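These notes concern the structure reproduced below.
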Amino acid sequence: MKKVIVILGPTASGKSDVAMCLAEHMNTQLISADSAQIYRGMDIGTAKPTKEEQTRVMHHMIDIVDVDEPFTVSDFQENAFGIICDLHNYNMSPIIVGGTGLYIHSLVYHLDFTKTQTNHAFRDKMSALIAEKGLDYLYRRLEKKDAGAAARIHPNDEKRIIRALEVLENEGGGERPYDFLKPREDYDFRLFGFNFPREILYDRINQRVDIMMEKGLVGEVKALYETYGSSPVALKAIGYKEIISYLKGDISQEEAVRLIKRNSRHFAKRQITWFKRDKRIIWLDPQEKNCFKNLLSGIE
RNA sequence: GCCUCGGUAGCUCAGUUGGUAGAGCAAGGGACUGAAAAUCCCUGUGUCGGUGGUUCGAUUCCACUCUGAGGCA
C-alpha cells in the first residue's frame, strides 16, 4: 500500500523543522496542512517557511489563494489528494505537515463532504434571521429537518447550525451519514505527533510571538488590512485579528501581543485535544535524543 | 521600638454583622463533516499566614506570633 507520512502537532512544536529534515533525508516533498499558510501575504503571523526553506524542500499547499478568496477544507482535501497521487507516481512518499486538525482529518479519515457548497448568500440570510428571531429559532428549524444532526450540534453553535441548514436546504443537500472517525484504508498512513511538555510549549509560543513582532508582524498585518479591510475570514486568524484591533485603536500594542500569546496557547490546547483521540499517532518529544531515529524507524 | 494598613485560588482582589468562600484574569478538560488559527460546551478543596483562646461552631471576634508595605521616632 502506498505510504503517506503525516507529521502533526500544536503550533510551535517544531514539527516544520523535523518535516523538512525528513523530506531531505527521504528525498521527497511536503504538503502543508495549515489553514492559514494557504493565504498569500500571511507569512510572519503564520510562521510560514521562508523562501530559502521552500527552495530547499518543495512545500505544497502554501500560498494558494489571496486573503479575500474563499478556500475550504473540501478544496484542501481535493488538492492534497491530487498532490499525493502525483508524488506517488514519482515514487515519493508524501509528507503531510500541519496543525489544522480538520484538514488532516480530511485526508486520514473518510470525510465525505456533501455536494452542497458554501452559499454565502444563504449564510447571510441565516445570520439575519438569528438577529431577528434568535438562535433557538434556527436550531428548532434544524431539529425539525434533521433531528440527528441537531442532536450532534450544540444549540449555541451558530456556525454549525447554519452549515447544517445549508446542507439540508440547498441543492445537492439532504441528510448525510455520520461517521466522523472512519479511517481511510486505501493508503498506509504513518502518523507522528510532535509535542513538548505543556510549560515548555507555552514558553516557545510566547517567545515565537515576540519574534514575530520583531520580524514586523504589525507591518504585514497593516498592509493586508489596508488592502482587504478586516472582514475576510483569513484575517480572523490569530495574530491578525489582534493586530487589526490595535491598528483600529481599540487596544494597545502590548494588549494585542498579550492576546496573541494567550489565543495561541488556547489554540495549541485545542489542537492537542483534536489529535489526542487518534490512537494511531505515535508521539515524539523533540527534546529526546533519539527523536529523529525513532521517527525513521516508525516509517520503515 | 511604636502606630497604621495588608496577608483569602497560579495572579489581582472581593466577601462572610461567626454557620468552612467567589469574581476577573490565568489555567485544565472536551466537541468538531465545505468559515476550522473559525465556532461551541464543561471545570474552582483553596491548610481564608501560623499557634492558642472565646464559642455548639472561627476564615470572620480576642491574644500572641510570623511576614509585606507605609508612617512616626
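As a basis for the values below, the full set of heavy atoms in this structure was taken, side chains included, without hydrogen atoms, waters or symmetry mates. Keep in mind it's a predicted model, so treat the numbers as computed, not measured. Within every chain, numbering begins at 1; the chains are lettered A, B, ... in the order of the sequence lines, protein sequences first and strands thereafter.
- Across B:U59 and B:U51, the matching C1' atoms stand 15 Å from one another, rounded to whole Å.
- Mapping A:Asn119 and A:Ala234 onto RNA chain B via the closest heavy atom, the residue that lands nearer the 5' end is A:Asn119.
- Using atom P as the reference point in both B:G28 and B:U17, the two lie 36 Å apart (nearest Å).
- Within 6.0 Å of NZ on A:Lys236 lie more than 12 heavy atoms contributed by other residues, nucleotides or ligands.
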Pairing of RNA chain B as dot-bracket, 5' to 3': ( ) intra-strand, [ ] crossing, | other strand, . unpaired, with Watson-Crick or G-U pairs under 3.5 Å? (((((((..((((.....[..)))).(((((.......))))).....(((((..]....)))))))))))).
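- Contact annotation for A:Phe71: backbone-only contact, meaning every heavy-atom pair under 4.0 Å involves sugar-phosphate atoms and none involves a base.
- With both ends at atom C1', the span from B:A31 to B:G46 equals 30 Å, rounded to whole Å.
- Within the nucleic acid shown, A:Thr118 comes within 4.0 Å of sugar-phosphate atoms alone, with no base atom in reach, counting heavy atoms only.
- Clustering ILVMFWY residues whenever any of their side-chain heavy atoms sit less than 4.5 angstrom apart, transitively, puts A:Tyr39 in the very cluster that holds A:Tyr240.
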Give the B/S/- string for nucleotides 39-44 of chain B, one per nucleotide from 5' to 3', where a protein heavy atom under 4.0 Å of the base yields B, of only the sugar-phosphate yields S, and otherwise -. BBS---
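- Side-chain polar atoms of A:Ser13 and A:Arg204 form no donor-acceptor pair below 3.5 angstrom.
- Taking atom C1' on both nucleotides, B:A58 is separated from B:G53 by 11 Å, rounded to a whole Å.
- There is no side-chain donor-acceptor pair under 3.5 Å between A:Ser297 and A:Asn294.
- Rounded to whole Å, atom P of B:A38 lies 12 Å from atom OH of A:Tyr39.
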Candidate pair A:Asp34 and A:Lys48, rule salt bridge (charged side-chain N to carboxylate O under 4.0 Å, His left out), full reasoning: CA-CA 10 Å; A:Asp34 185 308; A:Lys48 196 178 281 178; over 6 Å; no
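- Across the protein-nucleic acid pair, A:Ile153 atom CD1 and B:G30 atom C1' stand 17 Å apart, rounded to whole Å.
- Electrostatic pairing of A:Asp188 and A:Lys3 does not count as a salt bridge here, judged by no charged N lying under 4.0 Å from a carboxylate O.
- A distance-only check finds a donor-acceptor pair linking the side chain of A:Asn263 to the backbone of A:Leu259 [under 3.5 Å].
- Distance A:Leu181 CG to B:G30 C1': 14 Å, rounded to the nearest Å.
- In A:Glu78, the CD atom is not crowded: 12 or fewer heavy atoms of neighbouring residues, nucleotides or ligands sit closer than 6.0 Å.
- Between the P atom of B:A31 and the CD atom of A:Gln271 lies a distance of 15 Å, rounded to the nearest Å.
- Going from atom CD of A:Gln77 over to atom P of B:A36 covers 14 Å, rounded to whole Å.
- Using modelled atom types and a 3.5 Å distance limit, the side chains of A:Asp179 and A:Tyr109 yield no donor-acceptor pair.
- Classification of the A:His105-A:Trp274 ring pair by plane angle, with boundaries at 30° and 60°, yields perpendicular.
- Checked by atom type and distance alone, the side chain of A:Tyr187 never pairs as donor or acceptor with a backbone atom of A:Met1 at under 3.5 Å.
- Residue A:Thr100 places none of its side-chain N or O atoms closer than 4.0 Å to OP1 or OP2 of B:A36.
- Between B:C11 and B:G50, the two C1' atoms lie 23 Å apart (nearest whole Å).
- The side chain of A:Tyr103 contributes an N or O atom lying less than 4.0 Å from OP1 or OP2 of B:A36.
- Taking 4.0 angstrom as the limit, A:Thr72 places none of its side-chain polar atoms (N or O) nearer than this to OP1 or OP2 of B:A35.
- Nucleotides B:G19 and B:U12 place their C1' atoms 29 Å apart, quoted to the nearest Å.
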Can you list, pair by pair, the side-chain donor-acceptor contacts under 3.5 Å of residues 20-30 of chain A, counting residues two or more places apart and other chains?
unit_1  : atom_1 : unit_2  : atom_2 : d
A:Glu24 : OE1    : A:Arg56 : NH2    : 3.3
A:Glu24 : OE2    : A:Arg56 : NE     : 3.0
A:Thr28 : OG1    : A:Ser93 : O      : 2.9
A:Gln29 : OE1    : A:His60 : NE2    : 2.7

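- With both ends at atom C1', the span from B:U8 to B:A21 equals 9 Å, rounded to whole Å.
- Side-chain contact between A:Val4 and A:Arg190 is absent, with no heavy-atom pair separated by less than 4.5 Å.
- Put simply, the side chain of A:Gln77 never gets that close to the backbone of A:Leu107: no donor and acceptor are under 3.5 Å apart.
- A:Ile130 has its side chain within reach of A:Ile162: a pair of non-hydrogen atoms, C-beta onward, lies under 4.5 Å apart.
- Counting to the nearest Å, the P atom of B:A38 and the CG atom of A:Asp34 are 12 Å from each other.
- Straight-line distance between the C1' atoms of B:U20 and B:C3: roughly 33 Å, to the nearest whole Å.
- Non-hydrogen atoms lying under 4.0 Å from RNA chain B are contributed by A:Arg258, A:Arg262, A:Arg265, A:His266, all within residues 242-266 of chain A.
- A salt bridge is defined here as a Lys NZ or Arg NE, NH1 or NH2 lying under 4.0 Å from an Asp or Glu carboxylate O, and A:Glu254 with A:Arg258 fails to meet this definition.
- Going from atom CD1 of A:Ile272 over to atom P of B:A31 covers 13 Å, rounded to whole Å.
- No contact: A:Gly239 has no heavy atom under 4.0 Å from any strand.
- Rounded to whole Å, the distance from OH on A:Tyr109 to C1' on B:C32 is 12 Å.
- When the shell of 6.0 Å around CD of A:Gln287 is examined, it contains more than 12 heavy atoms from other residues, nucleotides or ligands.
- Of the residues in residues 193-203 of chain A, those lying under 4.0 Å from RNA chain B by heavy-atom distance are A:Arg198, A:Tyr202.
- Near-neighbour residues of RNA chain B inside residues 121-133 of chain A, defined by a heavy atom below 4.0 Å, number-ordered: A:Arg123.
- You'll find a donor-acceptor pair under 3.5 Å spanning the side chain of A:Lys269 and the base of B:G29, going by distance alone.
- Under 4.0 Å is where a charged nitrogen must lie from a carboxylate oxygen, and between A:Glu166 and A:Lys125 no such pair does.
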